[in-house]
There are 2 protein chains.
Amino acid sequence: MREVAERAGVSIATVSFVLNGTKPVSPATRARIEAAMAELGYRRNVVARALARRRTNILAMVYPALDHRIGSAAAEFFTSAADAARTLDYHLVLWPVGSDGADLRELVGQGLADGVVLTEVQLHDPRLAILQETSTPFTLIGRTAEPGGLSYVDIDFDATVDLALQHLHDQGHRDIALISGDPRFEDYGPYVRTEAAYLRLAKDPLVVPSANTPASGKAAASRLPDHITAVLVLNEYAALGAASTRTVLPLLMTPETAALSTTPLTYLRTPAAELGRLATQALIQQLQGAPTPTPHLLPATLQERP
Amino acid sequence: MREVAERAGVSIATVSFVLNGTKPVSPATRARIEAAMAELGYRRNVVARALARRRTNILAMVYPALDHRIGSAAAEFFTSAADAARTLDYHLVLWPVGSDGADLRELVGQGLADGVVLTEVQLHDPRLAILQETSTPFTLIGRTAEPGGLSYVDIDFDATVDLALQHLHDQGHRDIALISGDPRFEDYGPYVRTEAAYLRLAKDPLVVPSANTPASGKAAASRLPDHITAVLVLNEYAALGAASTRTVLPLLMTPETAALSTTPLTYLRTPAAELGRLATQALIQQLQGAPTPTPHLLPATLQERP
DNA sequence: TCCCAGGACTGAAACGGTTCAGTGACATCG
DNA sequence: CGATGTCACTGAACCGTTTCAGTCCTGGGA
């Protein structure tokens, strides 16, 4: 940068001004500086910039990648969030951490990321405490049991289940079961909230668990009593298996997974891209000093069989 | 850091020494400094540290996430690479870029990442030129048409196809076809190299293309002449569909995808975790001044049906 | 003609660490 | 007893920007 300044016959401060558009610079000098930068192949050092400004313009999406593999919904969160960040002049990277929070503590408060998008949120998530005690700005994709005051975006499970039941009812189904998730994940919001919504809304509720594999879904479906004519399925891979035996309606599926079905499928599409985008925008607003952003709850949307 | 130094009655240099173990410090002062750090809740600022040392200890895995979604193999690369990086005291993050290279150029040479792991490498990959002209250390997962002198890890397609044909031959199959990838991806190494290996090794070769979906794989399989008794399938999702009609042997599958099959599957497992690990290690060796690391070629390994 | 406002640019102090040439104090050696 | 090392620690330069209080110059108003 000093070289650029010398070559253009100005001070480094002026170079900085044209780089950032911070202060007005006459067209003539601006041109000289830009020429000098081009000739020297100058690239500003983002680390030094980050140090001086006390922000890096980097956002970390933390994902417990060291534990679960990245699923199709997570991939969609990531892609759309990264995209949204880019249009707002931030970088969003996927930061792998274990789920225990040790790595998270290391990442945070060291000034590397300006803020954090937290995914795979548990109802009682120990990672929140870390973020709060280090006063790191953050937004959740998902939410805890008591998310009051937090910045989050999440699926509107009530509306989603309602939509699903309504749709099946319109098709003439009256006895509708739910194939839910593995009951061991009792602290996982989507499972708990979907079940709760279903139990509240369904006429004659029947819930059976299933792991997130086609085989498990198929087995669960075959255990259903005969009067059940249709079934909501929470896990997308379980839905794939169950679909071979019953009328199923997957509640949270991505188009990628739907494409894996051999028969065309009507399903509820996870609003993953929208959530990723909203989360990023909420986080950035927060960074720019907006007050507590209003949380967003989005329902999955009906995707009719082609 | 200055506060820590004052509280411990030493200079900031000494604090730095205990932080990094750079120089010997007497046990007594070390204890005082550590106490002071604990009391103040001090965390070193990684940005300042990176500026002073001219390296960030961050590695970027660049993935064209803005174009394709992240597949199961990519997820596995990422996870294992991040893990390997961690044990060597580096952080590896997933950096989303478009495939055109504009974002890559921005990322690189700005001093944010010490090195790059490049994925989804094309046979003629324009991104290589960018990395080379900015003299960024990098390692490929995959390889270009002429990878001489480059640091890379990749699948040994010859050995993989050989292993596959051998296995099917042992089972009594003599007429073995290949369901390959979408011919539009003519610059994609795995497709090209697998086909080449198959054409060279198979007795009476027959190649049919397929997109990476079960439906497409099934259609491709149904188009095969009757004397074909077994088929190698390149794309894992295509393999899922083809498996319902023929004896198939998927060439590059991940366990996650295999779990989606309703019937148990014998398949060749992509050595994704190993490749991710090796790539990271090669990159870090390079950063630490080792000469050109020797490339690694790994075959997929046979995973017998349970 | 003089004064003053405003625009364009400069100098130097941060930002928070790392690193290296020194500085004492103390032990060792001839 | 003086010279020489060794060990623990310090001071200050440096990493490459941003930022802010000034300085200088120009033009317009009185």
Side-chain angles (χ1 to χ4, degrees), chain A residues 1-37 40-58 89 91 106-114 134 287-288, chain B residues 1-37 40-58 89 91 106-114 134 287-288:
Chain A
M1 181 154 150
R2 207 192 9 175
E3 288 182 36
V4 171
E6 281 169 14
R7 185 180 256 262
V10 297
S11 76
I12 58 169
T14 310
V15 176
S16 178
F17 294 148
V18 351
L19 232 29
N20 303 304
T22 321
K23 279 194 177 181
V25 168
S26 77
T29 28
R30 173 188 308 278
R32 279 206 325 280
I33 291 173
E34 276 164 359
M37 292 198 304
L40 264 41
Y42 168 79
R43 343 223 56 166
R44 71 135 79 69
N45 179 319
V46 284
V47 176
R49 175 180 159 89
L51 178 59
R53 313 176 68 199
R54 260 153 312 225
R55 31 186 279 240
T56 57
N57 271 35
I58 294 180
D89 211 37
H91 285 291
E106 208 197 332
L107 155 65
V108 125
Q110 313 213 348
L112 233 173
D114 291 345
T134 56
L287 289 175
Q288 296 178 345
Chain B
M1 181 153 151
R2 208 191 11 175
E3 286 182 37
V4 171
E6 279 170 15
R7 185 179 257 261
V10 297
S11 74
I12 60 168
T14 309
V15 176
S16 178
F17 296 149
V18 351
L19 231 30
N20 303 304
T22 320
K23 278 195 177 181
V25 169
S26 77
T29 33
R30 173 188 307 277
R32 281 207 323 281
I33 291 172
E34 276 164 359
M37 292 198 304
L40 263 42
Y42 168 78
R43 340 222 58 164
R44 71 134 80 68
N45 179 319
V46 283
V47 177
R49 173 183 226 258
L51 179 59
R53 313 177 64 199
R54 263 153 309 226
R55 32 186 277 240
T56 58
N57 272 36
I58 294 180
D89 212 38
H91 285 292
E106 208 197 332
L107 155 64
V108 125
Q110 313 213 349
L112 233 173
D114 291 346
T134 54
L287 289 174
Q288 296 178 345

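What's counted below: heavy atoms across the whole structure, side chains too, no hydrogens, waters or symmetry copies. All chains are named by letter (A, B, ...) in the order of the sequence lines, taking the proteins before the strands, and each is independently numbered beginning at 1.
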A/Thr56 side chain vs A/Ala50 backbone, donor-acceptor pair below 3.5 Å: no

All N/O contacts under 3.5 Å from nucleotides 23-26 of chain D to the protein, with atom names and distances to one decimal?
none

Residues which pass side-chain hydrogen bond (donor to acceptor under 3.5 Å, both in side chains) with A/Thr22, listed by chain and number, not counting sequence neighbours: none

Atom-to-atom span, CG of B/Leu112 to C1' of D/dG16 - whole angstrom: 13 Å

Restricting both atoms to N or O, compile the protein contacts to nucleotides 14-20 of chain C shorter than 3.5 Å, with distance only.
| residue | atom | partner | partner atom | Å |
| --- | --- | --- | --- | --- |
| C/dG17 | OP1 | B/Tyr42 | OH | 3.3 |
| C/dG17 | OP1 | B/Asn45 | N | 3.2 |
| C/dG17 | O5' | B/Tyr42 | OH | 3.0 |
| C/dT18 | OP1 | B/Asn20 | OD1 | 3.4 |
| C/dT18 | OP1 | B/Asn20 | ND2 | 3.2 |
| C/dT18 | OP1 | B/Arg49 | NE | 3.2 |
| C/dT18 | OP2 | B/Ser16 | OG | 2.6 |
| C/dT18 | OP2 | B/Asn20 | ND2 | 3.4 |

Audit row: A/Glu106, B/Arg43, side-chain contact (heavy atoms from CB on, under 4.5 Å) steps and yes/no: CA-CA 9 Å; A/Glu106 208 197 332; B/Arg43 340 222 58 164; over 6 Å; no

Side-chain donor/acceptor of B/Arg55 to backbone N/O of B/Asp114, under 3.5 Å: no

Sugar-phosphate only, base, or nothing, as touched by B/Val10 at under 4.0 Å among non-hydrogen atoms: sugar-phosphate

Check: protein-nucleotides 23-25 of chain C nitrogen or oxygen pairs below 3.5 Å:
none

Residues A/Arg49 and A/Asn57: side-chain donor-acceptor under 3.5 angstrom: no

Side chain to side chain, A/Tyr42 and A/Leu19, heavy atoms closer than 4.5 Å: yes

Side-chain heavy-atom pair A/Arg32, A/Val25 within 4.5 angstrom cut-off: no

side-chain hydrogen bond (donor to acceptor under 3.5 Å, both in side chains) partners of A/Arg53, counting only residues at least two apart: none

Pairwise side-chain contact, A/Leu112 with B/Ile58, heavy-atom cut-off 4.5 Å (strictly under): yes

side-chain hydrogen bond (donor to acceptor under 3.5 Å, both in side chains) partners of A/Arg54, counting only residues at least two apart: none

Side-chain N or O of A/Ser26 closer than 4.0 Å to phosphate OP1/OP2 of C/dG7: no

